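Everything numeric in this text was worked out from a predicted model, so none of it was measured. Quick note: residue numbers are just sequence positions, from 1. Only this structure's heavy atoms are used, side chains among them; waters, hydrogens and symmetry mates stay out.
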Amino acid sequence: MNRYSMPDPARWAPWWVLAFVALWPLRGPAEVLLSLGAIATVLMLLWRRWHEGEAWLSPEAWALSTLLFVAYWLPQPISALDAVNPLRSLREAALDLRYLPFLWLATMAMARAPGRRIVGLGLALIVAAWTADALLQAATGWSLGGPVTEDRLSGIFGSHNLKLGLVLASLSPFVLEAAADRWRFPGWLVAALALGVVVLLAGARAGWVTLALVLLWSGWRRYGGRRTLLAMLMGGGLAFGSASLMSEQLQPRIERTAAAMQGDWKDLDHALSGRLSIWRVAVAMSLDHPFNGVGVRGFRDAYGDYRREGEPPFEGDGIAFHAHQIVLEILSETGSIGLLLWLSGALMAWRAWRVAGPIAKARAQVPMMALAVTVFPFNTHHAFYSTFWGGLTLLLAALYVGSLLALDAEPEDAQSE
């Protein structure tokens with residue numbers, strides 16, 4: 001190593017990504033690591049400007065990762081032009097600039113086979129550990145995140161941060177893939193059952209939908225439709241029965257969900273935990289601010305002007321912090337301009353998949369599925385312009401791009417099937 005050499009990011013970027021994910025339950029340290037990773041990447045790129053060396057990403061990966069970031073970030077400063085709280089929107093836009101170099105870093109982590117193996121196995125182990133911890137909490141009332149103090153499992157994230165179900169569901173493709181590779185169908189089935197019990201007890205019904213989509217995709221791809229459907233029916237019953245024995249809070253959630261079948265607006269709103277009222281408000285905001293919305297993270301500031309008297313309070317002090325649905329969040333906070341930019345990003349990601357060869361698709365199918373179910377539009381969601389969920393979504397986008405457009409791609413990877 002000469003005096004001008006720099007450690008190859010392909011060696012340490014995978015470990016940085018895994019450390020970032022492992023620290024998600026600790027919001028402050030995770031944000032610090034994200035920021036340090038962004039700074040390190042900028043410094044590397046400045047150094048790279050003056051010294052020749054091995055490529056860190058393919059040109060296509062540089063381009064697609066940057067364009068996906070632009071599709072996510074550009075609506076933010078545009079929405080701030082006449083936002084209800086312009087300082088909040090501008091602050092979010094400024095802070096989110098750090099996602100671009102970190103997105104490049106995460107893409108570098110997947111650029112070569114050793115990094116992909118480290119990240120894939122590492123994410124599987126993290127999810128497995130969080131699942132085991134949550135099962136311990138279900139059985140004993142305690143976990144590394146503390147005791148159960150809510151009506152649902154909180155696991156490693158703690159009772160003040162009820163994200164366990166959706167996080168595990170979004171990352172479940174990694175642990176299911178690793179279990180199937182190592183122990184074939186029995187391993188896949190055990191992993192699916194464990195995840196099913198925890199996600200059910202975590203209480204977020206959006207997580208139920210997300211995990212069901214993942215299980216259907218993962219099982220169908222590996223074991224065929226008939227075997228997968230049979231396993232899901234039998235395993236779903238076993239998971240539900242186990243979850244019911246571990247918690248008395250599951251049945252009321254099932255009953256609340258079943259209330260939606262009665263067709264009455266109040267019953268449906270109750271089944272959706274008041275989200276119909278929030279979605280009505282989001283639509284009204286979108287109609288009043290059709291071009292660039294009320295501003296990123298401005299939903300909470302504008303909510304009081306649109307809430308009708310008698311509508312149930314949702315989160316705190318009668319305020320909803322966001323629209324709880326990706327399309328309505330984008331429309332209400334960033335308007336039609338934001339939605340068009342998001343759709344352009346989705347189209348670019350889909351186009352890259354369409355023109356990729358079979359080897360590239362095989363490399364990228366697990367992060368692709370994790371990203372797809374996270375942004376699945378027919379579901380409820382956390383806020384995509386929040387620090388946590390925005391960072392999770394962009395990380396999955398980077399893992400997808402890095403895998404699909406890897407540096408060690410075979411020549412036929414660039415050809416369409």
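Between R27 and E31, at least one side-chain nitrogen of the basic residue sits less than 4.0 Å from a carboxylate oxygen of the acidic one, meeting the salt-bridge criterion. Remark: E333 does not engage R300 in a salt bridge, criterion side-chain N to carboxylate O under 4.0 Å. Ion pairing of E329 with R297 is absent here, as no side-chain N (NZ or NE/NH1/NH2) approaches a carboxylate O to less than 4.0 Å. Comment: R91 does not engage D96 in a salt bridge, judged by the lack of any side-chain N to carboxylate O separation of less than 4.0 angstrom.
How far CD1 of I326 is from CG of L339: 9.5 Å, rounded to the nearest 0.5 Å. Taking CG of L396 as the start and CG of L171 as the end, the distance is 6.5 Å to the nearest 0.5 Å. In this structure, the separation between OG on S170 and NE2 on H381 is 8.5 Å, given to the nearest 0.5 Å. Remark: L176 CG to M369 CE distance equals 10.5 Å, nearest 0.5 Å. Rounding to the nearest 0.5 angstrom, the gap separating the CZ atom in R11 from the CD1 atom in I118 is 10.0 Å. Of the inter-residue distances, the one linking S35 atom OG with Y99 atom OH reads 9.0 Å to the nearest 0.5 angstrom.
Contact record, I330 with G338: CG2-C, 3.6 Å, taken as the closest heavy-atom pair. Across every non-hydrogen atom of V373 and A370, the tightest pair is CG2-O, 3.4 Å. Across A352 and L64, no two heavy atoms sit closer than the pair CB-CD2, 3.7 Å. The two atoms that bring I278 and A320 nearest to each other are CD1-CB, 3.6 Å, heavy atoms only. In plain terms, the two heavy atoms of V119 and A109 that are nearest each other are CG2-CB, 4.2 Å. Nearest heavy-atom pair, L399 versus A106, reported as atom, atom and distance to 0.1 Å: CD2-O, 4.0 Å.
For the pair R112 and R117, the minimum side-chain heavy-atom distance is 4.5 Å or more. Looking at P173 and V366, their side chains come closer than 4.5 Å, going by heavy atoms from C-beta outward. In this structure the side chain of V199 reaches within 4.5 angstrom of the side chain of W208, judged on heavy atoms. In this structure the side chain of H382 never reaches within 4.5 angstrom of the side chain of F388, judged on heavy atoms. Residues V296 and Q76 have side chains in contact (heavy-atom distance under 4.5 Å, counting atoms from C-beta outward). Side-chain contact between W56 and W104: absent, with no pair of heavy atoms (C-beta onward) separated by less than 4.5 Å. Looking at heavy atoms from C-beta onward, F291 lies out of side-chain contact with I78 at the 4.5 angstrom threshold. Side-chain contact between L121 and F174 is absent, with no heavy-atom pair separated by less than 4.5 Å.
Relative orientation of the Y72 and W342 rings is tilted, given thresholds of 30° and 60° on the angle between their planes. The aromatic rings of W24 and F20 stand perpendicular to each other, their planes meeting at an angle above 60°, with 30° marking the opposite boundary.
Counting only distance, with no hydrogens or angles, the side chain of S89 and the backbone of P86 share no donor-acceptor pair below 3.5 Å. In this structure a side-chain-to-backbone donor-acceptor pair under 3.5 Å is present from W73 to A93. Remark: the backbone N or O of W220 is paired with a side-chain donor or acceptor of T228 at under 3.5 angstrom. Remark: the backbone N or O of W62 is paired with a side-chain donor or acceptor of T66 at under 3.5 angstrom.
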Chi angles and distances behind the ring-ring contact (aromatic ring centres under 6.0 Å, His included) call for W130, F157: CA-CA 9 Å; W130 289 350; F157 288 87; 5.3 Å; yes
Candidate pair Y223 and W188, rule ring-ring contact (aromatic ring centres under 6.0 Å, His included), full reasoning: CA-CA 10 Å; Y223 308 114; W188 182 91; 5.8 Å; yes
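Judged by distance alone, the side chains of N379 and T210 do bring a donor and an acceptor atom under 3.5 Å apart. No side-chain donor-acceptor contact under 3.5 Å links R363 and S403. For T374 and W389, the side-chain atoms include no donor-acceptor pair closer than 3.5 Å. Counted by atom type alone, S143 and D133 present one or more donor-acceptor pairs between their side chains at under 3.5 Å.
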